Amino acid sequence: MTAPHDVPGLHTVIGLDAGIANLRDADHLIHHLVGSLGLPAGTIACTHLIRTDAHRGTAVSLALPDTDVAEKTWARLAELAGPTESAVLGEREYGPGQAARTAALAAKEHAHRQGGRAVVYPGADRLTGIVTVTDVLALTAIDRITVLGQPSTDGQGPEPATLVLTRDHVRPEWRDGQLTLALVPAAGGALAPFEVPNPTPCCADHT
């Protein structure tokens, strides 16, 4: 897919720490923000597991299509922020210091495409029911597919016609600059996302 996800800079990626501990609540927050802020289709929103000596939790990041959208989103977030929420955009931050540092970690990971589990991304709404590997790569912002336990040959992934049982829950991750979807073998020679929906059920109408 020729998607609007060119390498974002720190000035178009907002990191946010709202004191969330788990993926389910982080997914819910992302869908809430996308809807309430009216974020455009090119937005990529990720969760980030933060595990440092000072803090353990789940932060989120929003990669916006351009600086104008990022500035408007930043202003709106600042208006809506609660007393325990922190956010970072470039050199600017608001909220408690530790939470702001966590938000900065999330923003940096996403900006450099070295980490982040994508919940909202271009084409995510196309991944429902059963699709093919070709569909995943052609219709969404996902750059690469890997199959756990099956090393790719010459950098190639699974056969293009292979069926993918999406379970209406597809969460690729940034790895080495590429939005990468990890799959596992499923019944009948098909594949399915490594992450199953049960541990993180969230807003069934969003997934």
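Fair warning: this is a prediction, and the values are worked out from it, not measured in the lab. Just so you know, these numbers use all the heavy atoms, side chains as well, and skip hydrogens, waters and symmetry mates.
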Engineer: Applying the 4.5 Å side-chain criterion to the ILVMFWY set and letting contacts propagate, would Leu16 and Leu89 be lumped into a single cluster?
Structural biologist: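 Same cluster.
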Engineer: Check whether any side-chain heavy atom of Leu127 lies under 4.5 Å from a side-chain heavy atom of Val136, and answer yes or no.
Structural biologist: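 Answer yes - side chains close enough.
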Engineer: Is atom CD of Gln178 surrounded by more than 12 heavy atoms (other residues, nucleotides or ligands) closer than 6.0 Å?
Structural biologist: yes
Engineer: With a 6.0 Å cut-off (strictly less than), is the heavy-atom count around CD of Glu79, excluding the residue itself, greater than 12?
Structural biologist: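 Check passes, neighbour count above 12.
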Engineer: Work out which heavy atom in Ala26 is nearest to a heavy atom in Thr47; give both atom names and the distance.
Structural biologist: CB-CG2, 3.6 Å
Engineer: Do Leu77 and Leu33 make a side-chain contact, defined as non-hydrogen atoms from C-beta onward lying under 4.5 Å apart?
Structural biologist: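 Leu77 vs Leu33: side chains touch.
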Engineer: If you measure only the distance, is there a donor-acceptor pair under 3.5 Å linking the side chains of His48 and Thr58?
Structural biologist: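 No, Thr58 and His48 have no side-chain donor paired with an acceptor closer than 3.5 Å.
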Engineer: Where do Thr12 and Ala70 come nearest, in terms of heavy atoms and distance?
Structural biologist: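 In this case the closest contact between Thr12 and Ala70 is CA-CB, 3.9 Å.
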Engineer: Does the pair Glu71/Arg92 count as a salt bridge with the N-to-O cut at 4.0 Å?
Structural biologist: yes
Engineer: Check this for me: does any side-chain nitrogen of one of Glu195 and Arg117 sit under 4.0 Å from a carboxylate oxygen of the other?
Structural biologist: yes
Engineer: Would Asp27 and Arg171 pass as an ion pair if we require N to O under 4.0 Å?
Structural biologist: yes
Engineer: Does the side-chain contact (heavy atoms from CB on, under 4.5 Å) test come out yes or no for Gln114 and Asp176, once each step is laid out?
Structural biologist: CA-CA 5 Å; Gln114 295 302 313; Asp176 299 322; 3.9 Å; yes
Engineer: How far apart are the closest heavy atoms of Thr43 and Leu39, and which atoms are they?
Structural biologist: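 Of all heavy-atom pairs spanning Thr43 and Leu39, the closest is OG1-CB, 3.6 Å.
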Engineer: Can you check whether Val164 reaches Ile130 side chain to side chain, under 4.5 Å on heavy atoms?
Structural biologist: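 No; the side chains remain at least 4.5 Å from each other.
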Engineer: Check for me whether the distance between the ring centres of Tyr121 and Trp174 falls short of 6.0 Å.
Structural biologist: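 Distance test on ring centres: not under 6.0 Å, no.
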